[in-house]
Chemist: 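Would you mind keeping the following structure in view while I ask a few things?
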Amino acid sequence: MIRKIILINLSFLCFLFSQSEINRDTWINLNEENKLFLVKGYYLGLKKSLIIINQESNKMKRQDKFWSRSFPEEQTIKRLNEFFSDSIPTINEITLMIDNIYSNPDNSLIDFETVLRIVVLHYNGNQLLANKIILDHQRKLLQGK
């Protein structure tokens with residue numbers, strides 16, 4: 001049963017990602033259940049990415065004891081770890097927070113991954129960085145007017 005749900009989630013995500021970048025318009029057109037599937041699937045993908053990177057790093061380290069991760073790989077891991085912390089909101093809380101961010105038309109240019117990052121940063125007490133990211137995206141929107 002769990003595998004079936006995961007496969008459905010992944011299929012849904014593949015469909016969404018094949019269409020275009022997930023943004024405000026995509027999010028608003030989803031029903032509540034699909035929003036939950038999207039967030040769950042995204043987190044599943046992020047977690048699996050971290051696992052694969054760590055497995056490959058461990059394999060390289062076993063082959064060459066002097067091997068170390070490259071700077072881009074370290075930065076990728078750092079960025080992926082931003083989505084995971086000691087306190088992560090529940091999937092329902094995350095979808096509500098994303099709804100709140102996307103309810104403001106000034107946030108229409110912010111892509112889904114960035115909104116998810118903003119939610120987690122804000123939830124974990126890094127409101128200054130979260131607000132800076134939002135303001136940077138709103139400035140881009142205003143420059144086009």
Chemist: Using the side chain to side chain contact (heavy atoms under 4.5 Å, CB included) criterion, which residues pair with Leu109? Sequence neighbours excluded.
Modeler: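 Residues passing side chain to side chain contact (heavy atoms under 4.5 Å, CB included) with Leu109: Leu141.
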Chemist: Listed by chain and number, what are the side-chain hydrogen bond (donor to acceptor under 3.5 Å, both in side chains) partners of Arg69, not counting sequence neighbours?
Modeler: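 Testing Arg69 for side-chain hydrogen bond (donor to acceptor under 3.5 Å, both in side chains), a comparison that skips the adjacent residues, returns Asn54, Ser57.
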Chemist: How would you list, by chain and number, every residue that makes a side chain to side chain contact (heavy atoms under 4.5 Å, CB included) with Asn31, sequence neighbours excluded?
Modeler: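 So Asn31 forms a side chain to side chain contact (heavy atoms under 4.5 Å, CB included) with Glu33, Asn34.
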Chemist: Is the backbone of Phe83 close enough, under 3.5 Å, to the side chain of Tyr43 for a donor and an acceptor to pair up by distance?
Modeler: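 It does hold such a pair.
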Chemist: Between atom CD1 of Ile101 and atom CH2 of Trp27, what is the distance when rounded to the nearest 0.5 Å?
Modeler: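 These two atoms lie 10.0 Å from each other.
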Chemist: Is there a path of hydrophobic side-chain contacts, each under 4.5 Å between heavy atoms of I, L, V, M, F, W or Y residues, that connects Leu96 with Leu30?
Modeler: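 No: no chain of side-chain contacts under 4.5 Å links Leu96 to Leu30.
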Chemist: State which residues pass salt bridge (charged side-chain N to carboxylate O under 4.0 Å, His left out) with Lys47; sequence neighbours excluded, sorted by chain then number.
Modeler: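 Lys47 satisfies salt bridge (charged side-chain N to carboxylate O under 4.0 Å, His left out) with no other residue.
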Chemist: So which pairs with a foot in residues 58-67 pass side chain to side chain donor-acceptor pair (under 3.5 Å), sequence neighbours left out?
Modeler: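 The answer is Glu56-Lys59.
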Chemist: If every non-hydrogen atom of Gln138 is compared with every non-hydrogen atom of Asn107, which pair is closest and at what distance?
Modeler: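 Heavy atoms of Gln138 and Asn107 come nearest at NE2-OD1, 2.8 Å.
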Chemist: Test of understanding: with salt bridge (charged side-chain N to carboxylate O under 4.0 Å, His left out), list the residues that count as partners of Lys78, not counting sequence neighbours.
Modeler: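 Partners of Lys78 by the salt bridge (charged side-chain N to carboxylate O under 4.0 Å, His left out) criterion come out as none, since no residue qualifies.
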Chemist: What's the separation between atom CD in Gln55 and atom CD1 in Ile51, rounded to the nearest 0.5 Å?
Modeler: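 Nearest 0.5 Å value for the CD-CD1 distance: 7.0 Å.
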Chemist: Taking only residues two or more places apart in sequence, or in another chain, which ones meet Ser103 in a side chain to side chain contact (heavy atoms under 4.5 Å, CB included)?
Modeler: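 Side chain to side chain contact (heavy atoms under 4.5 Å, CB included) check on Ser103 returns nothing, list empty.
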Chemist: Would Lys48 and Ile52 satisfy side chain to side chain contact (heavy atoms under 4.5 Å, CB included), going step by step from the backbone distance to the final call?
Modeler: CA-CA 6 Å; Lys48 188 64 176 174; Ile52 291 170; 4.1 Å; yes
Chemist: Measure the spacing between CE of Met60 and CZ of Phe66 and express it to the nearest 0.5 Å.
Modeler: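 Result: 14.5 Å between the selected atoms.
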Chemist: Run the salt bridge (charged side-chain N to carboxylate O under 4.0 Å, His left out) test against Asp111 and tell me which residues pass, sequence neighbours left out.
Modeler: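 Testing Asp111 for salt bridge (charged side-chain N to carboxylate O under 4.0 Å, His left out), a comparison that skips the adjacent residues, returns none.
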Chemist: At what distance, to the nearest 0.5 angstrom, does CG of Leu50 lie from CZ of Phe84?
Modeler: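 Leu50 CG to Phe84 CZ: 6.0 Å, rounded to 0.5 Å.
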Chemist: Using the test side-chain hydrogen bond (donor to acceptor under 3.5 Å, both in side chains), find all partners of Asp136 that sit at least two apart in sequence or belong to another chain.
Modeler: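 If we apply the side-chain hydrogen bond (donor to acceptor under 3.5 Å, both in side chains) test to Asp136, skipping adjacent residues, the hits are Lys132, Arg139.
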Chemist: In a table with atom names and distances, give each donor-acceptor pair under 3.5 Å that connects a side chain of residues 117-126 to protein atoms at least two apart or in another chain.
Modeler:
unit_1: Arg117; atom_1: NE; unit_2: Glu82; atom_2: OE1; d: 2.5
unit_1: Arg117; atom_1: NH2; unit_2: Glu82; atom_2: OE1; d: 3.4
unit_1: Arg117; atom_1: NH2; unit_2: Glu82; atom_2: OE2; d: 3.4
unit_1: Asn124; atom_1: OD1; unit_2: Ser85; atom_2: OG; d: 3.1
unit_1: Asn124; atom_1: OD1; unit_2: Ser87; atom_2: OG; d: 2.8
unit_1: Asn124; atom_1: ND2; unit_2: Ser85; atom_2: OG; d: 2.8
unit_1: Asn124; atom_1: ND2; unit_2: Val120; atom_2: O; d: 3.1

Chemist: Kindly give the heavy-atom pair with the smallest separation between Tyr42 and Leu116, and that separation in Å.
Modeler: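 Heavy-atom minimum between the residues: CD2-CD2, 3.7 Å.
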Chemist: Go through the steps to decide whether Thr95 and Lys40 satisfy the test side chain to side chain contact (heavy atoms under 4.5 Å, CB included), and finish with yes or no.
Modeler: CA-CA 10 Å; Thr95 57; Lys40 285 180 188 178; over 6 Å; no
Chemist: Which value, rounded to the nearest 0.5 Å, describes the distance between Thr114 atom OG1 and Ile134 atom CD1?
Modeler: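 Those atoms lie 10.5 Å apart.
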Chemist: For the residue pair Pro89 and Met97, what are the closest heavy atoms and their distance?
Modeler: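 Heavy-atom minimum between the residues: CB-CE, 3.6 Å.
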Chemist: Quick check: does any side chain N or O of Ser49 sit under 3.5 Å from a backbone N or O of Gly45, one acting as donor and the other as acceptor?
Modeler: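 Side chain of Ser49 to backbone of Gly45, a donor-acceptor pair under 3.5 Å: yes, one is there.
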Chemist: Could you list the residues that satisfy side chain to side chain contact (heavy atoms under 4.5 Å, CB included) with Asn100, not counting sequence neighbours?
Modeler: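 Testing Asn100 for side chain to side chain contact (heavy atoms under 4.5 Å, CB included), a comparison that skips the adjacent residues, returns none.
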Chemist: Can you see which heavy atom on Ile98 is nearest to which on Phe112, and at what distance?
Modeler: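 So the minimum-distance heavy-atom pair works out to CD1-CE1, 3.7 Å.
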Chemist: When rounded to the nearest 0.5 angstrom, what is the spacing between CD1 in Ile77 and CG in Leu80?
Modeler: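 If we round to the nearest 0.5 Å, Ile77:CD1 and Leu80:CG are 8.0 Å apart.
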Chemist: Among residues at least two apart in sequence or on other chains, which ones pass side-chain hydrogen bond (donor to acceptor under 3.5 Å, both in side chains) with Thr76?
Modeler: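 In terms of side-chain hydrogen bond (donor to acceptor under 3.5 Å, both in side chains), with neighbours along the sequence ignored, Thr76 is linked to no residue.
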